[in-house]
2 protein chains.
Amino acid sequence: MAATPHGEEAASRAARSGAAFVAAWSGVPDDLSERLSASQLRVLVAVERAGEATASQLALSLDALPSSVTRLCDRLVAAGHIERSRGEEDRRVQVVRLTAAGAALLDRLERHRRTALQRAMRDMSEADREALLHGLAAFSAASADGDATRR
Amino acid sequence: MAATPHGEEAASRAARSGAAFVAAWSGVPDDLSERLSASQLRVLVAVERAGEATASQLALSLDALPSSVTRLCDRLVAAGHIERSRGEEDRRVQVVRLTAAGAALLDRLERHRRTALQRAMRDMSEADREALLHGLAAFSAASADGDATRR
DNA sequence: TATTGTTATACTCTATAACTATA
DNA sequence: TATAGTTATAGAGTATAACAATA
């Protein structure tokens with residue numbers, strides 16, 4: 001089996017066999033997807049990652065427009081998942097953060113993800129699990145380095 | 001480092017370090033996401049996988065409603081990505097299939113995915129790439145077996 | 001009478017543009 | 001006057017219910 005130019009063969013194999021992993025990783029529990037739209041969930045995850053964020057910061061990190069973020073936050077506030085308050089230095093901005101309910105919801109999402117991954121991984125050999133975890137960590141590191149280099 | 005009960009630790013690591021792979025795998029080229037909504041793209045992928053499909057079959061495989069599929073197909077037909085025709089046996093059904101333009105579009109999506117994966121993988125060692133591909137293949141096989149067993 | 005697909009309606013998401021409050 | 005956020009409006013996605021054509 002000869003190496004193909006530029007690792008095209010490896011990328012092609014990753015594209016094919018990666019679908020199952022992506023499906024397991026990306027799943028959302030039914031009761032959550034019934035209560036929240038995918039967009040609302042994306043906002044929630046972005047708020048969690050940022051800790052605190054203004055509408056324009058969220059718009060940037062989500063590649064969305066401030067007006068869209070405002071609407072999404074309106075509904076997330078109404079549902080009790082986030083809270084908004086005026087900035088203390090600059091009173092134009094609205095600072096958004098998770099409520100306890102929002103954090104609990106994201107916790108359930110994370111647990112669901114781990115459960116879905118575990119379901120497939122428990123049927124793998126120890127060596128295969130090891131290879132997967134090692135490979136994913138290396139991919140993650142290479143992605144981060146690439147981003148940094150390209151800056 | 002002791003093994004944790006039920007492989008929870010392994011699943012937790014996969015959840016964390018898998019994010020970069022999922023991001024690379026799931027990316028859509030800008031010019032495509034400007035022309036097509038994510039929902040339309042999902043329909044297109046489902047049609048490709050099925051070869052030919054009726055509206056209700058698509059609704060099933062997409063976990064959507066026939067009425068939603070009809071709307072999405074309306075726009076995909078208008079854009080020239082799919083074509084519809086009456087079933088020959090059962091004249092109630094509408095059979096959907098890709099046009100050449102639709103197939104070309106999905107081809108570009110696939111090439112974009114391979115390129116994104118290759119970008120990170122070229123900075124990995126040969127051993128790490130090997131581990132990743134091996135692990136993903138094993139995960140995919142375990143998922144398929146699990147599905148079959150649970151049937 | 002049952003089934004397939006579509007159309008009617010209502011609510012959400014997203015984008016553009018106009019507007020309000022603050023700087 | 002510039003900026004942050006919101007509100008107005010319009011097109012698209014998705015759900016329920018009513019409807020047409022076919023079986």
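Each chain gets a letter, A, B and so on, in the order its sequence line appears, and its residues count up from 1.
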Asks: Base, sugar-phosphate alone, or nothing: which one does A:S68 contact when heavy atoms must sit under 4.0 Å apart?
Replies: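 The residue A:S68 makes base contact.
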Asks: Is B:R75 close enough to D:dG13 that one of its side-chain N or O atoms is under 4.0 Å from OP1 or OP2 there?
Replies: yes
Asks: Under a 4.0 Å threshold between the charged nitrogen and the carboxylate oxygen, would B:R97 count as salt-bridged to B:E83?
Replies: yes
Asks: For a quick check, tell me whether the side chain of A:R71 and the base of D:dA8 share a donor-acceptor pair closer than 3.5 Å.
Replies: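 Looking at the base of D:dA8, it does pair with a donor or acceptor on the side chain of A:R71 (distance under 3.5 Å).
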Asks: How is B:R42 classified with respect to the nucleic acid when contacts are heavy atoms under 4.0 Å: base, sugar-phosphate, or nothing?
Replies: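 Answer is nothing: B:R42 stays at 4.0 Å or more from every strand.
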Asks: Between B:D123 and B:R129, does at least one N-O distance fall below 4.0 Å, as a salt bridge requires?
Replies: no
Asks: Can you tell me the distance, in whole Å, between the CG atom of B:L36 and the C1' atom of C:dT14?
Replies: 16 Å
Asks: Would you mind telling me which residue lines up with the more 5' stretch of DNA chain D, A:V93 or B:R86, judged by nearest nucleotide?
Replies: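 Residue closer to the 5' terminus by nearest nucleotide: A:V93.
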Asks: Taking 4.0 Å as the cut-off, does a side-chain nitrogen or oxygen of B:S56 come that near to OP1 or OP2 on C:dT4?
Replies: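 So the side-chain polar atoms of B:S56 never come under 4.0 Å of the phosphate oxygens OP1 or OP2 of C:dT4.
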Asks: Looking at D:dG5, D:dG13, C:dA15, which one has an atom nearest to any side-chain atom of A:L65?
Replies: C:dA15
Asks: Less than 3.5 Å apart, any donor N or O on the side chain of B:S61 or B:R49 sitting next to an acceptor on the other?
Replies: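 Per modelled atom types, B:S61 and B:R49 side chains form no pair under 3.5 Å.
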Asks: D:dT16 base to B:S67 side chain: any donor-acceptor pair below 3.5 Å?
Replies: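 Checked by distance alone, the answer is yes.
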Asks: Check the phosphate of D:dA12 against B:Q40, side-chain N and O only, distance under 4.0 Å to OP1 or OP2. Yes or no?
Replies: no
Asks: Would you kindly give the CG-to-P distance between B:L60 and C:dT3, to the nearest whole Å?
Replies: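 The distance from CG of B:L60 to P of C:dT3 comes to 14 Å, rounded to the nearest Å.
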Asks: Using atom types as modelled and distance alone, determine if a side-chain donor or acceptor of B:R113 lies under 3.5 Å from a backbone N or O of B:W25.
Replies: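 Looks like yes, one N/O pair under 3.5 Å.
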Asks: Kindly calculate the angle separating the two end axes of the helix from C:dT1-D:dA23 to C:dA23-D:dT1, each obtained from five base pairs, and round it to 10 degrees.
Replies: 20°
Asks: When you match B:Q57 and A:E89 each to their closest nucleotide on DNA chain C, which lands nearer the 5' end?
Replies: B:Q57
Asks: Distance check, rounded to the nearest 0.5 Å: A:H112 atom NE2 versus A:D107 atom CG?
Replies: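 Answer rounded to 0.5 Å: 13.5 Å.
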Asks: Please check: side-chain N/O of B:S12 versus main-chain N/O of B:E8, any donor-acceptor pairing under 3.5 Å?
Replies: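 Looks like no, no N/O pair under 3.5 Å.
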Asks: I'd like to know if A:D74 and A:R84 make a salt bridge, using a cut-off of under 4.0 Å between side-chain N and carboxylate O.
Replies: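 Salt bridge present between A:D74 and A:R84.
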Asks: When the distance from CG of A:L58 to C1' of D:dT6 is rounded to whole Å, what number comes out?
Replies: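 Distance, rounded to whole Å: 15 Å.
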Asks: Within the modelled atom types, does a donor on one side and an acceptor on the other bring the side chain of A:R91 and the base of C:dT22 under 3.5 Å apart?
Replies: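 It does not, because no donor-acceptor pair links the side chain of A:R91 to the base of C:dT22 below 3.5 Å.
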Asks: To the nearest angstrom, how far is B:D74 atom CG from C:dA8 atom P?
Replies: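 So the two atoms are 12 Å apart, to the nearest Å.
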Asks: Strictly below 4.0 Å: does B:Q94 bring a side-chain N or O up to OP1 or OP2 of C:dT6?
Replies: yes
Asks: Between A:R92 and A:L72, who's closer to the 5' end of DNA chain C by nearest nucleotide?
Replies: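 Mapping each residue to its closest nucleotide by heavy atoms, the 5'-most match is A:L72.
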Asks: Restricting to non-hydrogen atoms, name the atom on A:A24 and the atom on A:L117 that form the minimum distance, rounded to 0.1 Å.
Replies: CB-CD2, 4.0 Å
Asks: Counting distance alone, no hydrogens or angles: does the base of C:dT7 have a donor or acceptor under 3.5 Å from a partner atom on the side chain of B:T70?
Replies: no
